[in-house]
Amino acid sequence: MALSTPGSGTSVAVESRTLAGVDAVPAPGPPAAELAAPARGSSSLGRDAWRRLRRNRLAMAGGIVIALLCVVAVFADLLAPLPYTKTDFGRLNELPSRDFPLGTDALGRDLLSRMIYGARVSMLVGLGAQLIVVAIGVPIGALSGYLGGRVDVLLTRFIDVMYAFPRLLFVILVMSMLGAGLVNIFIAIGLTGWVGIARQTRAQVLTLKGTEFVDAARALGGGSARILTRHVLPNALTPIVVAVSFGIPEAIFTEAALSFIGVGINPPTPSWGQMVGEGQQYIRSYWHLCVFPSIAIAVTMLAFTFFGDGVRDALDPKLK
Amino acid sequence: MFHYAISRLLWLVPTLLAMALVTFLVMHATPGSPLDPVAEGANPLSPETQKNLAEHYGLDRPLWQQFAIFVGNAVQGDFGHSYVYKTRTVREIILETFPVSLLLGSMALAIAVVGGLTLGILAALYQNRGWDYLSVSLATVGVAVPNFVLAVFLIILFSFVVPLFPTGGWDSPRTWVLPTLTLAMAPMGIIARFTRASMLEVIRADYTLTARAKGLGEGPVVFKHALRNALIPVVTLLGPMFAAVGTGSFFVESIFRVPGMGQFFVLSMTGRDYPMIMAVVLTYGVFLAVMNLVVDLTYGALDPRIRY
Amino acid sequence: MANLPIPGAQIDLLAERLAAVGVDRRDFLRIAAALAAMGAAGFDARPAAAAPKPGAGEKLAKQQHLRYGGGGWYSQDPASHDYNKDLYCGGTQQLWAGLMSFTADLEAVPYVAEKVSANKDGSVWTYTIRKDSKWSDGSPCTARDFEWSWKRQLDPATAAPYASFLYDIKNAEAYNKKQITDPSQVGVRARDDWTLEVTLEGPRGYFPVLSAYSAALPAHRPSVEKHGDRWTEAANIVCNGPFVLESWEHNRVIVLRKNKHFFGAKDITLEKVTIPIIPIASGILPYENNEIDLTRPQTADLKRLQSDPRTAKEVFRFPYPGTWYLLPQVTKAPFDNVKVRRAVAHAIDRENVVRVAQGFAIPAHSMIPPGFPGALDDARIRAIQKFDPEAALAQLKGTPFEGGRNWPRIVLSLRDEALGSKPLAEAVQAVLLEHLNMKTELEVLEPRVFRDRLWKQDLQFVWIRWFMDYPDPHNEYFDTFYGKRTTGRRQAWVNDAFDKELEAGRDTRDTRKRLAHYAKAEEILQTDVGYVPVAWVVRYAVAKPYVRGFERNRQGELVADGNIYVDMLSHLYIVEKA
């Protein structure tokens, strides 16, 4: 936890990745207490888990929604009835109708088409940011946990420092430095969001380091790098995957907050976050501008939550 | 335990220094000058005026000197004058706005804890049944709807449809209700989820099974054995959560016109108000550290396995 | 006083003064019209604030309490109320009364001064101050107070950011820049308690106009000396305007009370004014929930207010002239090619673009909107850049972009600001794509970053506005497009013939000839496509039916507070609710 001394007795390393995030984007990570134990006989565990996951209807529903979202994101060009830039200045802010199932926005663009393209952008924001989060967080956490000693102290300190920043301010700081834009949003969210996953990875690696199979690998003469990448990390994967599944909607959410402040994605690229951020002003007059994308974000978040929970439950042998 | 607390607080010093340094560097690397006039329509200041101002604020010195001066003053609790609210010191502004955010945050968190625990416990006891779905859905909606949207929904609902509360302000307890509710929703969802997960685990744990086997009723099992243990991870969560909620939310504060500190997480940056940025970052850091320490110490009491 | 003609060279100085202080671009209108009026009638033409008279059937309410704000008024806590030190402090200007003040037509008329006179060439001005001029603590507010206040602003130790406003005063600049240290050499002097004599660097026919501006407001010496920078806190402040500061809860609310010591107190009807700090994000909700009585609606709400019969009558338009335009940077491809620029100019479907402003803009065909000196909106000027998609594509013939192909990456930059700017830019983007197949990326920059890069002429394609500082063509053309300026130029475009017209416009005395020069300049500017005018700005206010007394200007428009006209509160009154 933040600012705790390394090796303090409080090793119940619960990770909350909320930060200023209750503002921007709260998404709970799983308590470490529930993190999966090392994979034993991975194939049967996998089959078990899959069976358990399939039985969890909520999780499956979440999974299906996510799959659908991915399809929409990938095939946006085919699915959208109109290009997202197609304006009709004669039909501004229209309520849903036969021509425009979800209505039109302030430039007379089809809201449905923009939502469909928005799915692509929002998923990209989610995935892009999480990619950076993982790329920074996992190596730092793994190294810190595996190497221990001075390196660990140093890295933990660093993690603690980064953890203590008010997230929203830091994201804005980075966005101001980089300027608005899609890629910069990945970077800003990634740069400020990796801390949680680093801590989780570290905790996981610490646990695994002491287990017999790592000792065995070491006894067999495996090098550190090999042990870390071949034996430790794969076993630490589950909590990382789960954390990522929560991080994606979180990033989508952060982007909404940034759009509201005015440092988000550049127009006319549609993203749900931006649509919500801008539609908020219009709620009294044109509710559809804000409500539909809000629903999209909420549904996405629900889907990821259920699915993530399901995956975790399924992978946790204690919860059989 | 005392030593533990002291050592944690001592560690705070280098951490804060590092935070200050990172913020300082990033802030100075960001384009846009703090010497630009604050007013939107104003012309650029003349070069002489800019020079004067830079001298006045010490911005003409080398960066390392500026940093050293900042640290020297900050140690004495002096963060200097705000560049935006030029007649007031940053310290004064923080001292005035922080308590407002803290009050709002505390109320919100109290609601979040009560609501979240209730929802979470219900969900765990009725896993994969109606209560579970309802609670998870409610909790997730709280988390999933951006609070600036939630805020407006609540205003429309409780100021216009059912005219109970004003749309904003901060002058009577009546004005507190909507911002508190808005701010409480997200943490409530998170707490509910954590409680549920943690309860589920505890309910299946050996000692709970034992308690049940002993023939204890469901009530005592839940409240005496399960809940106490299930609370541990939830309590840990409260530290950072309180830091986030207690220092204020830009969104809630700007929509509900709450004169709190949260607005400066955004305004200090857009105004390039260097002293304010530093102060806000460090206040948050200190508050977070203290909250975490408090949490660690309290849950030592909850979990006898933990020793300091 | 003598009716001095004001020579053009002095107008330039005025322009320079106003530019130096960065007179608020959004509101500063018609100063030059005021000058013209002064030339004709003199500064004593009209008395200040006349008592508002309830009309027939209006019955004054018992509670003369107005609550207003929002939509851009007081969206942030003021830095202070110390106008004497910083005219952009964002505080309440109605706490102060200057020697002169602006009417609804933005003419400068005597206020604390009862008479203004000048020597023959207009280089020495004498203000005779009303004997009933008082501070809010009851003590007299005299010529000595003004002398002290202006010198305070000029004192380098005060570090007033816009002290250059007063540089017309003899030795003011030297004193402010530490070239002389003796304040008694500065040309402002109280001859006695009631006579202020201002000696200027030379003939300055417009000086009374400057003395009506917010930068020339006084400060209360004993309070400043006692409380330092904090003297404008509610507990400390002593002021001389129509209202006093009853309380100021930072970031929360400002409460004003009628100042019973104000010389014009009998004409002020409002007893109390409450101004909550309302960020733009709160929108119009507080108004609709009857928490405030007067605000400024934004695009999101205007149409709904106008179409609802209950609120339709509450909305009114008020003058706020400004122009939205495009700057194709001539030093950057593809805009280094005039044919491309012309293609862009012909591709802008203005009638359609302004629709997205939802009432907050009308199509623009030149820099100066109709109704202001130098306005051009005739068939000839419209023809130069008229919307014609075929002509637009025809321009591209023979260029590498023929048929709307091969466009390089084009970034259209704008600054982030409240509602209204982004949709217009997006609409421009859409029409360029539609008619030229020109794909542009919008880049929304933070205001400070935008300004930074704008002055460096670093941006390829800019969406920008100009809000009139003062209604003289000199402001619209010289202050923006003059090619020989070394600082503060928004575009790299330079044209000698254009510059010559501007110089001629500046140096010519005859109004008709001047305007002809500016018309020629606009023609060159548009033909060479130094800019592409797109939309003129329109603004609105909305007031509850029981709020009455808004002044009207000569055009018959209702007027609300801006940065120049700040006399709204003195005129408003509350009538009984029907």
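Naming: A, B, ... by sequence-line order, numbering from 1 per chain.
Under the 3.5 Å distance criterion, with hydrogens and angles disregarded, a donor-acceptor pair is assigned to the side chains of B/Thr167 and B/Arg257. Between the side chains of C/Asp82 and C/Thr232, no donor-acceptor pair is found at a separation under 3.5 Å.
In this structure, C/Arg448 does not pair ionically with C/Asp452, as no charged nitrogen and carboxylate oxygen lie closer than 4.0 Å.
Between B/Tyr274 and B/His28, the ring centre distance stays below 6.0 Å. In this structure, B/Phe24 has its ring center no closer than 6.0 Å to that of B/Phe70.
When heavy atoms are compared at a cutoff of 4.5 Å, C/Pro78 approaches chain B solely by way of its backbone atoms N, CA, C and O. If you measure heavy-atom distances from B/Ser82 to chain C, you find no contacts under 4.5 Å at all. Of the two parts of C/Ile278, the backbone and the side chain both hold a non-hydrogen atom closer than 4.5 Å to a non-hydrogen atom of chain B. Residue C/Lys85 does not touch chain B at all, counting heavy-atom pairs closer than 4.5 Å. Of the two parts of B/Ser254, the backbone and the side chain both hold a non-hydrogen atom closer than 4.5 Å to a non-hydrogen atom of chain C. With a threshold of 4.5 angstrom between heavy atoms, B/Ile255 approaches chain C through its backbone and through its side chain. B/Glu92 touches chain C through its side chain: at least one heavy atom from C-beta onward sits under 4.5 Å away, while N, CA, C and O do not. Looking at C/Glu288, both its backbone and its side chain come within 4.5 Å of chain B, counting heavy atoms on both sides.
Ranked by non-hydrogen atom pairs under 4.5 Å with chain C, the options B/Phe148, B/Trp170, B/Phe256 are led by B/Trp170. Between chain C and the options B/Pro163, B/Ser33, B/Gly168, the largest number of non-hydrogen pairs under 4.5 Å is found for B/Ser33. For the set C/Asn176, C/Asn290, C/Asp229, the count of heavy-atom pairs under 4.5 angstrom toward chain B peaks at C/Asp229.
The cationic group of C/Lys544 lies under 6.0 Å from the six-membered ring centre of C/Tyr287 and within 45° of the ring axis, placing it in a cation-pi geometry.
Between B/Phe264 and B/Tyr85, the ring planes lie perpendicular to each other; the angle is over 60°, past the 30° to 60° tilted range.
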Step by step, would you call C/Glu291 with C/Asn289 a side-chain hydrogen bond (donor to acceptor under 3.5 Å, both in side chains)?
-> CA-CA 6 Å; C/Glu291 291 160 40; C/Asn289 199 33; 2.6 Å; yes
